[in-house]
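Convention: sequence-line order gives letters A, B, ...; per-chain numbering from 1. Values below: all heavy atoms of this structure, side chains included; hydrogens, waters and symmetry mates excluded.
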Protein chains: 2
Amino acid sequence: MDEVDSAIVHHLQKDGRLSNRALAEKLGIAPSTCLERTRLLRQRGIIEGYRAQVSLRALNRSVQAMVATQIRPLRRDVVAAFEESVTRLPEVVSVYTMAGSDDFLVHVTAQDIDHLHAFLLDQFTNRREIVGFRTSIIYQHLTNPVLDPLP
Amino acid sequence: MDEVDSAIVHHLQKDGRLSNRALAEKLGIAPSTCLERTRLLRQRGIIEGYRAQVSLRALNRSVQAMVATQIRPLRRDVVAAFEESVTRLPEVVSVYTMAGSDDFLVHVTAQDIDHLHAFLLDQFTNRREIVGFRTSIIYQHLTNPVLDPLP
DNA sequence: GCCGGAATCCGAATTTCCTTCGGTCGAAGG
DNA sequence: CCTTCGACCGAAGGAAATTCGGATTCCGGC
């Protein structure tokens, strides 16, 4: 993980479809070298994959919320089952497993407030292991597009 | 946004570097048609971009935390300034602007607990507009790789 | 200092892919 | 029935990805 690798990661984070040729040119190395470097980064798991970033609004998901959730008992199997089943739900964008008073933060999306309400009634109120949850609307979600190794 | 567009989005979310040819073959359409469709999706802002997904561990960021932050006064300019400056920090992955008792959730990363502590002392304790923040360690962050339009 | 092995890098050649463009088909409307 | 428009397709030229053999550098060991 030298500075060439860092530069590759940096550029591919900003544009995941950057052509190998263009990337090589930016770095001042041969395309074949660049290709091998990039492939190694992928193979070593440093680059985990490539994803198209999609507009939530275009996907008919204009409302976002964070659901702070507590479950009991806090057993390994209960936690794992909750994580897996919740991640599967199409309304769920991501799940943070937390230390502290809340066991999970669940980032959910819906097309409007009514659907959000219905989703929570269907998926959270019903479950026996969920002993409490607080829902907070998200006005805006900003993401840092550049993640470099911390020095 | 018909079912062909949905399928394109779906596949490119799972693999953002899928070749146009392979994508066309999956959908049973001609490569030229597929290319135009994909370009239109990009142009209409439905596909916002392509990103390489990078391992936080490989980037020397093994510790994650969520910082629930309150600022005052809650004026438009103060909020905007906070969002922008915080998003710029390399330790910050994303910022949720919230309704409710917490004004922001800031997802931060650091190489270890000591660096996290130092980061918070440097960047949060100092700021005058921050009137309070609670930090919770994140054990695990799961992401749903598939986001389709809600029906 | 010298040698050998391994790792890295490069450049040319081959294969694959992207991209453009002209043409076909089908639906909607006159 | 005819026209028009939009969507789609297929061929072709150009560009990019990928492979591979050879050159170079780096690093221990002697």
Can you figure out which of D/dT18, D/dG10, D/dA16 approaches the side chain of A/S19 most closely?
D/dA16
To the nearest angstrom, how far is B/L27 atom CG from D/dA7 atom P?
17 Å
Just wondering, are more than 12 heavy atoms of other shown residues or ligands nearer than 6.0 Å to CD in B/E48?
yes
Could you check how far CG of B/L35 sits from C1' of D/dC9, rounded to whole Å?
13 Å
Could you check whether B/K26 pairs with B/D15 (Lys NZ or Arg NE/NH1/NH2 to Asp/Glu carboxylate O, under 4.0 Å)?
no
Outermost DNA chain C nucleotides near chain B [under 4.0 Å, heavy atoms]:
C/dC17 to C/dT20
Would you say B/S32 places a side-chain N or O within less than 4.0 Å of OP1 or OP2 belonging to D/dC9?
no
Determine whether more than 12 heavy atoms belonging to other residues, nucleotides or ligands lie under 6.0 Å from atom CD of B/Q140.
yes
Rounded to whole Å, please give me the gap between CG in B/L23 and P in D/dC8.
13 Å
Give each protein N/O atom lying under 3.5 Å from an N/O atom of nucleotides 12-15 of chain D, with the pair distance.
none

Going by distance alone, is a donor N or O of one side chain under 3.5 Å from an acceptor N or O of the other, for A/D114 and A/H117?
no
Is there a side chain to side chain contact (heavy atoms under 4.5 Å, CB included) between A/L147 and B/L56 once you walk through the steps?
CA-CA 9 Å; A/L147 291 179; B/L56 287 178; 4.1 Å; yes
Remember a base hit wins even if backbone is also touched, and classify B/R17 as base, sugar-phosphate or nothing at under 4.0 Å, heavy atoms.
nothing
Whole-Å distance, A/I29 CD1 to D/dA17 P, equals 13 Å
Option among B/V4, B/V146, B/L41 that satisfies the side-chain contact (heavy atoms from CB on, under 4.5 Å) test with B/V9
B/L41
For B/R57, is the CZ atom crowded, meaning more than 12 foreign heavy atoms sit under 6.0 Å from it?
no
In whole angstrom, what separates B/E36's CD from D/dC9's P?
11 Å
Can you find a heavy atom in the side chain of B/I71 that is under 4.5 Å from one in the side chain of B/R127?
no
Distance check: side-chain N/O of B/R37 vs OP1/OP2 of D/dC8, anything under 4.0 Å?
yes
With under 30° as parallel and over 60° as perpendicular, where do the rings of B/H107 and A/Y96 fit, or are they tilted in between?
perpendicular
